[in-house]
Amino acid sequence: MRPEFTSPSSSSSSSADRRLNALVRHLATPSMVSQTAVAFSPTSGFHGDSVFSHVVRAPEDPILGVTVAYNKDPSPVKLNLGVGAYRTEEGKPFVLNVVRKAEQMLLNDKSRVKEYLPIVGIAEFNKLSAQLIFGADSPAIRENRVTTVQCLSGTGSLRVGAEFLARHYHQKTIYIPQPTWGNHPKVFTLAGLSVKTYRYYDPTTRGLNFQGLLEDLGSAPSGSIVLLHACAHNPTGVDPTLQQWEQIRQLMRSKALLPFFDSAYQGFASGNLDEDAQSIRMFVTDGGECFVAQSYAKNMGLYGERVGALSVVCTAADVASKVESQLKLVIRPMFSNPPIHGASIVATILKDSNMFNEWTIELKAMADRIISMRKQLFDALRARGTPGDWSHIIKQIGMFTFTGLNSKQVEFMTREYHIYMTSDGRISMAGLSSKTVPHLADAIHAAVTRMT
């Protein structure tokens with residue numbers, strides 16, 4: 001008689017079953033053994049409903065969902081103006097030449113390894129990031145009053161800072177501008193802070209509601225946290241002037257309000273790194289404390305590398321050291337330590353004067369192209385005699401423009417012209433090109449004249 005063949009997999013499976021059942025018998029009371037052994041057996045099938053059958057399908061993210069809808073549209077003239085990423089004149093994603101050079105240098109360095117980074121990330125990256133945002137001659141850096149930790153882009157930097165504040169700061173309320181980036185309220189709420197808003201955008205002028213801003217911050221409880229967009233406010237593209245920033249600074253310091261800057265577009269707004277950091281440096285120069293979340297997604301095109309930093313400016317070096325020790329306790333159970341590749345690219349570029357200069361040239365070219373798109377769209381709408389004053393398009397700054405279009409007009413443009421944007425009328429100027437400006441201008445003209 002031939003012996004019965006038993007496959008290795010079935011043999012190992014039955015062996016595992018026997019060991020598991022033996023463990024159950026050892027741990028369980030006699031009355032539990034028979035039923036528990038069956039329940040814990042890996043080969044016993046489960047035929048009931050899923051324990052997650054009650055889960056409700058979540059809606060698409062209002063920003064990322066725009067791209068989902070765009071991808072499903074077969075139209076050859078479709079246009080995606082929702083994505084917050086730079087595109088070339090040909091509508092293609094762009095990798096900076098200096099980034100490719102830095103990557104090649106890293107690839108050729110045979111001494112590089114893939115070991116874990118420290119909890120706070122690459123020390124050189126942190127030092128250079130602080131110098132970039134505060135200025136190499138910043139007194140706060142010179143006096144060791146700044147602690148900087150590498151995080152997962154701007155979002156991760158905000159979250160780490162928010163969790164630190166929820167644990168260690170005496171006020172648990174953060175005031176955010178109305179409107180603001182859609183992820184801000186979620187990040188701060190989930191971190192344990194209470195979110196309130198202050199007036200920022202004036203829909204009648206499509207500019208800054210400066211008086212409302214001052215009134216709301218003036219009535220905020222002393223010590224409250226205030227989120228400030230360093231430059232190129234998202235989604236409106238409306239920034240305070242330097243004189244208005246100074247008034248904001250004086251008001252906030254008089255009420256001991258804690259500034260938390262979100263710097264997502266340094267150099268990407270005006271094309272000048274120092275100019276786009278002026279608002280932050282005003283708050284650092286006065287010797288007060290502040291938080292800064294920094295992202296390299298836009299200005300180095302490192303979107304998917306998730307490169308960012310959180311800096312905390314303190315009044316004394318020993319305080320900064322203690323703050324860093326507690327930031328480590330936030331990061332360790334969250335993502336343990338940050339990834340190495342993207343931050344290495346940034347450090348390679350920032351520490352080399354030639355590469356740094358090449359980066360600033362490419363950065364200015366991206367900023368200039370967006371400024372050019374603003375001018376072309378404004379001119380196209382004026383040429384068509386589109387009702388309304390569209391000067392806000394060229395007055396606003398950065399990647400995004402708050403067009404002033406309402407949700408019905410946006411829906412009309414998507415349905416009739418296959419143009420995709422968020423329902424609040426925000427468009428990404430980086431998604432435009434000289435070829436697509438006329439199509440967008442036609443759509444806006446039709447929406448304004450037919451869908452009032």
Item to check | Distance-only donor-acceptor check, side chains Asp73 and Ser75, under 3.5 Å | outcome: no

Next on the checklist: Just so I know, are the side chains of Val307 and Ile345 near enough to count as touching, which here means a heavy-atom distance under 4.5 Å?
Outcome noted: no

Checklist entry - Are any non-hydrogen side-chain atoms of Phe210 and Thr241 less than 4.5 angstrom apart? => result no

Checklist entry - So which heavy atom on Pro387 is nearest to which on Val448, and how close? => result O-CG1, 3.8 Å

Next on the checklist: Checking Tyr169 against Phe164 for the ring pair (Phe, Tyr, Trp, His ring centres under 6.0 Å) test, could you report, in this order, the C-alpha distance in whole Å, the side-chain angles of both residues, the deciding distance, and whether it holds?
Outcome noted: CA-CA 8 Å; Tyr169 190 57; Phe164 171 86; 8.9 Å; no

Checklist entry - Quick check: does any side chain N or O of Ser311 sit under 3.5 Å from a backbone N or O of Val292, one acting as donor and the other as acceptor? => result no

Next on the checklist: Would you say the ring centers of Phe261 and Phe291 fall short of 6.0 Å from each other?
Outcome noted: no

Next on the checklist: Using the rule given for side chain to side chain contact (heavy atoms under 4.5 Å, CB included), can you reason through Leu96 versus Met366, listing the C-alpha separation, both sets of side-chain angles and the distance that settles it, and then say yes or no?
Outcome noted: CA-CA 10 Å; Leu96 277 69; Met366 289 194 291; 3.9 Å; yes

Item to check | CA sep, side-chain torsions, deciding dist, call: Ser344, His341, side-chain hydrogen bond (donor to acceptor under 3.5 Å, both in side chains) | outcome: CA-CA 5 Å; Ser344 297; His341 185 65; over 6 Å; no

Next on the checklist: Can you confirm whether more than 12 heavy atoms, excluding those of Lys78, are under 6.0 Å from its NZ atom?
Outcome noted: yes

Checklist entry - Salt bridge check: are Asp137 and Arg142 linked by an N-O gap of less than 4.0 Å? => result no

Item to check | salt bridge (charged side-chain N to carboxylate O under 4.0 Å, His left out) between Arg281 and Asp274, worked out | outcome: CA-CA 9 Å; Arg281 294 177 188 180; Asp274 293 323; 3.1 Å; yes

Item to check | Backbone N/O of Pro221 and side chain of Lys255: donor-acceptor pair under 3.5 Å | outcome: no

Checklist entry - Does Phe94 offer a backbone N or O that forms a donor-acceptor pair with the side chain of Thr88 under 3.5 Å? => result no

Next on the checklist: Regarding Arg145 and Thr315, do their side chains bring together a donor and an acceptor under 3.5 Å, going by distance alone?
Outcome noted: no

Checklist entry - When you look at NZ of Lys186, are more than 12 heavy atoms from neighbouring residues, nucleotides or ligands closer to it than 6.0 Å? => result yes

Checklist entry - Is Ile122 close to Gln150 at the side-chain level, that is, under 4.5 Å between some pair of heavy atoms? => result yes

Checklist entry - Charged N to carboxylate O under 4.0 angstrom, Arg249 versus Glu246? => result yes

Checklist entry - Mind checking whether Leu440 and Ile427 have side chains closer than 4.5 Å, heavy atoms only? => result yes

Item to check | Check: Ser254/Gln250 side-chain N/O donor and acceptor closer than 3.5 Å | outcome: no

Next on the checklist: Does this structure show an ion pair linking Glu90 with Lys92, if we count only N-O contacts that are shorter than 4.0 Å?
Outcome noted: no

Checklist entry - Under the salt bridge (Lys or Arg N to Asp or Glu O under 4.0 Å) rule, what pairs show up with a residue in residues 429-447, not counting sequence neighbours? => result Arg384-Asp442

Checklist entry - Side-chain contact, heavy-atom cut-off 4.5 Å: Trp359 with Val99? => result no

Checklist entry - Out of Lys322, Gln326, Glu324, which residue meets the side chain to side chain donor-acceptor pair (under 3.5 Å) rule with Thr147? => result Glu324

Item to check | Donor-acceptor contact below 3.5 Å, side chain Asp202 vs main chain Gly207 | outcome: no

Item to check | Leu377 vs Met429, side chain to side chain contact (heavy atoms under 4.5 Å, CB included): CA-CA, chis, key distance, verdict | outcome: CA-CA 9 Å; Leu377 179 58; Met429 301 307 297; 4.2 Å; yes

Item to check | Side-chain heavy atoms of Tyr296 within contact of Ser153, under 4.5 Å | outcome: no

Item to check | Cys314/Val146 under side chain to side chain contact (heavy atoms under 4.5 Å, CB included): CA gap, chis, key distance, verdict | outcome: CA-CA 6 Å; Cys314 303; Val146 180; over 6 Å; no

Checklist entry - Do NZ/NE/NH1/NH2 and the carboxylate oxygens of Arg112 and Asp109 come within less than 4.0 Å? => result no

Item to check | Contact check, side chains of Ile280 and Ser263, non-hydrogen atoms, under 4.5 Å | outcome: yes

Item to check | Tyr86/Arg369 under side-chain hydrogen bond (donor to acceptor under 3.5 Å, both in side chains): CA gap, chis, key distance, verdict | outcome: CA-CA 10 Å; Tyr86 183 79; Arg369 197 187 87 75; 3.1 Å; yes

Next on the checklist: Ring of Phe400, cation from Arg426 - is the NZ or CZ under 6.0 Å from the centre and inside 45° of the axis?
Outcome noted: yes

Next on the checklist: Donor-acceptor check, side chain of Lys298 to backbone of Ala85, threshold 3.5 angstrom: yes or no?
Outcome noted: no

Checklist entry - Taking the six-membered ring for Trp, are Tyr198 and Tyr200 parallel (under 30°), tilted (30 to 60°) or perpendicular (over 60°)? => result perpendicular

Checklist outcome for this item: One should read off an interatomic distance between Leu152 CG and Ser295 OG, to the nearest 0.5 angstrom, of 11.0 Å

Next on the checklist: Please check: side-chain N/O of Glu89 versus main-chain N/O of Ser434, any donor-acceptor pairing under 3.5 Å?
Outcome noted: yes

Item to check | Non-hydrogen atoms of His392 and Thr403 that approach each other most closely | outcome: NE2-O, 3.1 Å

Item to check | Met413 versus Ala447, closest heavy-atom pair with distance | outcome: CG-CB, 3.8 Å

Checklist entry - With distance as the sole test, does Arg306 use its side chain to make a donor-acceptor pair with the main-chain N or O of Gly156 at under 3.5 Å? => result no

Next on the checklist: Tell me whether Ser129 contacts the main-chain N or O of Ala309 through its side chain, where contact means a donor paired with an acceptor under 3.5 Å.
Outcome noted: no

Item to check | Glu215: partners by salt bridge (Lys or Arg N to Asp or Glu O under 4.0 Å), with sequence neighbours left out | outcome: Arg199

Next on the checklist: Quick check: do Pro185 and Ile176 have side-chain heavy atoms less than 4.5 Å from each other?
Outcome noted: yes

Checklist entry - How close do Pro240 and Ile248 get, heavy atom to heavy atom, and via which atoms? => result CG-CD1, 4.1 Å

Item to check | Which residues share a ring-ring contact (aromatic ring centres under 6.0 Å, His included) with Tyr417, sequence neighbours left out | outcome: His439

Checklist entry - Crowded around Arg332 CZ? As in, over 12 foreign heavy atoms under 6.0 Å? => result no

Item to check | Exercise: identify the closest heavy-atom pair between Ala220 and Leu257 | outcome: CB-CD2, 4.4 Å

Checklist outcome for this item: Heavy-atom nearest pair, Ile419 first then Ala443, reads CD1-CB, 3.4 Å

Checklist entry - Would Asn108 and Gln104 satisfy side-chain hydrogen bond (donor to acceptor under 3.5 Å, both in side chains), going step by step from the backbone distance to the final call? => result CA-CA 6 Å; Asn108 293 338; Gln104 194 60 52; 3.3 Å; yes

Item to check | CA sep, side-chain torsions, deciding dist, call: Phe402, His233, side chain to side chain contact (heavy atoms under 4.5 Å, CB included) | outcome: CA-CA 10 Å; Phe402 227 38; His233 181 274; over 6 Å; no

Checklist entry - For the side chain of Gln396 and the backbone of Val238, is there at least one donor-acceptor N/O pair under 3.5 Å apart? => result no

Checklist entry - Would a distance-only check, ignoring hydrogens and angles, find a side-chain to backbone donor-acceptor pair under 3.5 Å from Asn126 to Val120? => result yes

Item to check | Verdict with reasoning, His229 to Asp239, per side-chain hydrogen bond (donor to acceptor under 3.5 Å, both in side chains) | outcome: CA-CA 8 Å; His229 295 231; Asp239 286 355; over 6 Å; no

